[in-house]
Amino acid sequence: MKHEKGRSFYIHTFGCQMNQADSAIITAILMDGGFRVAGSQEDADIVILNTCAVRENAVERITHQLQFLRGAKRRKKSLLVGVAGCVPQHLKREMLEMFPVIDFLAGPDTYRNLPALIGDAEEGKRPAALEFRIEETYAGIDPFREVGVGAFVPVTRGCNNMCAFCVVPFTRGRERSQPFSAVMDEVRRVVEKGYGEITLLGQNVNSYADPEGGRDFASLLRAVSREAPGCRIRFTTSHPKDISPDLVDAIADSPNICNHVHLPVQSGSSRMLHRMNRGHGIDEYLETVALLRRRIPGVSLTTDLIAGFCGEEDEDHEATLALLREVRYDNAFMFYYSPRFGTAAWKTLADTVPLAVKKQRLQEIIDLQLSISAECLQEAVGSVVDVLAESESRRSTEQLMGRTGTNRAVVFDRGGARPGDRVSVLISKASSATLTGVNQGVLPAFYS
Ligand code: SAM
Ligand code: SF4
Ligand code: F3S
C-alpha cells in the first residue's frame, strides 16, 4: 500500500461535528495521497489543527497547541504544522504572520489540495488555500472514520442564515447540499461497515435541498431511514424556522429515527430573536415545540442558548429563564455572547452587556437548566429504555455505556451485550447527568 511508505500525519480536531466529519475527509484525502496516519502527535511528521472560530477564545485555544508545536519543531526540524478549518478561513493569511510556526493553511473548501499544499510547505513556501468553492461537497470521498458505533454523514455544507452573532457563514461559505444519490451511496457504505447509528449533519440540516431531484430534508430522512433499517438515525442541527410538519411526521412515523430534536433557540425573547436575525419569534418556536410533542410522544428536546447578546435587558433574560421552565429541555449548550469580527452584530450592534453581567446571566441559565435536566433524568427511573451500547463504561469493564434514542447516557451491567448491540435496560437510578440501569437483554438488530 503506497501510504505505508509516506510521511505520517496527526489531526487535532476542535469545534463541532462538521469539523469531526471533515477530519475524516482530510484523513481519506491524505491517505489517498500516500500519507499515513500517525499513532500519536509525537510520532507524526505533519500535525494539522482542524480549528473552530465560533467563539472569541478560538485563537487562544490553538495558541497553546501552536506554542507546544514550536518546541516540538525545534526538536524535529522536518515537522510540518498546518492549520485547517474555520480559524484560518476567518483570519486569512494574517495567521501566518501571527504564528511563524505554521507551515500551511487550508480552509474548509480546499482539503482536496492538502497533498499539494504539504508538498509546497516542504519547499518552505508557506501556502494558504482559503478560497470558497461553492461546488465543493467532497462527494466521491469515502471518509476515514474512527472505529466506533456512530458515523457522521454530512448532507449540507455552509450556511445562508446570517444569524447576527455567528461567524459560520463567513468560515464555511454559502450553503450547498450533497446530491441525494451521493448521500444514499454514503449511507450504504456506512451500513456495510457495520455502524449502528448514522447522524446526518449540516449547520442547518433541515434546509437540505437535493440539487438533482429537489428532495427536501423530510424526504431525505425517510429514504435514509428505509435504507438503514438496522441503524438509528439522528440529525443535527435543525433550525426552528425549517421544521416542517412533514419532517415531524417523518420522525414520528419511522421507528429508527431517534425521538430527539436539537432545536437551538438562543433566547427566550422575541425582541432578541429579531435582533439576532433568527427568522422566527418565540410564539412560532413554541408552536413548533407543541407540534413535536403532539406528534412524537416522549420526544426529547435540547437547545443552544446565548446570554447577554447586544442590547439584552433584564426582561429579555427573564424571558429566557421563563422559556426554559416552560419547554423543560433535556439538555442545553449554553454560552455568553462573544462578538465575532465580520458578523452583522459586530458591524452594526453595540456589545452593551458588561462581561460580568453576561457571566452572571449565563450562570443563572446554567443553574436552572441543570436542575431541569436532573429532574428529567429522575423521571426516567422505573422506565424500560432501548439503549445502543457504545463502549465499556469508564468505571468498570463489567459495565457498558450507551445512549437512548432521546440521547441520554445510560450505564448498565454488561450481561451478554457488546458495543454496537441494542439493549433493553430498566432504569434504576439517576444522577445529574447519567442514568444507571439493569440489562434486560439484547434486542433484535432491526428497528420496528
Ligand atoms: N447552526 C446551528 C444553529 O443554527 O443553531 C449552530 C451553529 S453554532 C456552531 C453553535 C452554537 O454556538 C449556536 O447555536 C450558538 O448558540 C453559539 N454561538 C454562535 N456564535 C456565538 C457567539 N458569537 N457567541 C456565543 N455563542 C455563539
Ligand atoms: Fe450560525 Fe445561524 Fe447558520 Fe447556525 S443557522 S450556523 S447560528 S448563521
Ligand atoms: Fe466552529 Fe466552524 Fe463548526 S466555527 S462550530 S468548527 S462550523
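Both ligands and their constituent atoms are indexed starting at 1 by order of listing. FYI, the numbering just counts along the sequence from 1.
- When heavy-atom distances to ligand 1 are checked against 4.0 Å, the residues falling inside are Val54, Arg55, Phe165, Gln203, Thr237, Pro264, Gln266, Arg278, Asp304, Ile306, Phe335, Tyr336, Tyr337, Ser338, Arg340, ordered by chain and number.
- Checking Cys159, Pro240, Cys166, Gly158 against atom 1 (Fe) of ligand 2, the nearest heavy atom belongs to Cys166.
- No donor-acceptor pair closer than 3.5 Å links the side chain of Tyr111 to the backbone N or O of Thr27.
- Contact between Ile134 and Arg174 at its shortest, heavy atoms only, is CD1-CB, 3.5 Å.
- Between Glu313 and Arg275, no side-chain nitrogen of the basic residue sits less than 4.0 Å from a carboxylate oxygen of the acidic one, so the salt-bridge criterion is not met.
- Protein-derived N/O/S atoms nearer than 2.8 Å to atom 2 (Fe) of ligand 3 total 1, waters excluded.
- Protein heavy atom at the shortest distance from atom 5 (S) of ligand 2 is Asn161 ND2, 3.2 Å.
- Within the 4.5 Å cutoff, no side-chain heavy atoms of Met272 are placed close to those of Arg278.
- Salt bridge annotation for Arg133-Asp109: absent, with no cationic side-chain nitrogen under 4.0 angstrom from a carboxylate oxygen.
- Which parts of ligand 3 touch Gln203 is read off a 4.0 Å heavy-atom cut-off, strictly below it: atoms 3 (Fe), 7 (S).
- Taking the side chain as every heavy atom from C-beta outward, Leu201 and Gln20 never approach each other to under 4.5 Å.
- No side-chain donor from either of Thr199 and Gln17 sits under 3.5 Å from a side-chain acceptor of the other.
- Ligand 2 places these atoms under 4.0 Å from at least one heavy atom of Met162: 8 (S).
- Atom 6 (S) of ligand 2 has as its closest protein heavy atom Gln203 OE1, 3.5 Å.
- Residue-ligand proximity, Arg278 to ligand 2, at heavy-atom distances under 4.0 Å covers atoms 2 (Fe), 7 (S).
- Side-chain contact between Cys163 and Gln266 is absent, with no heavy atoms from C-beta onward closer than 4.5 Å.
- The OG atom of Ser269 sits 8.0 Å away from the CD atom of Glu315 when rounded to the nearest 0.5 Å.
- Atom CZ of Phe132 sits about 11.0 Å away from atom CZ of Arg157, to the nearest 0.5 Å.
- Looking only at protein heavy atoms, the nearest one to atom 2 (Fe) of ligand 2 is Cys163 SG, 2.3 Å.
- Here the side chain of Ser254 pairs no donor or acceptor atom with the backbone of Ser225 at under 3.5 angstrom.
- With rounding to the nearest 0.5 angstrom, the CD atom of Glu227 is 11.5 Å from the CG atom of Leu220.
- For Pro419 against Glu390, the heavy-atom pair with the smallest separation is CB-O, 3.4 Å.
- The residue Asn204 has no part lying near ligand 2, judged by heavy-atom distances below 4.0 Å.
- At a 4.0 Å heavy-atom cut-off, ligand 2 touches Pro169 through the side chain alone.
- Phe335 carries Arg55 over the face of its six-membered ring, with the cationic atom under 6.0 Å from the centre and within 45° of the normal.
- Against a heavy-atom cut-off of under 4.0 Å, His239 is close to the following atoms of ligand 2: 5 (S).
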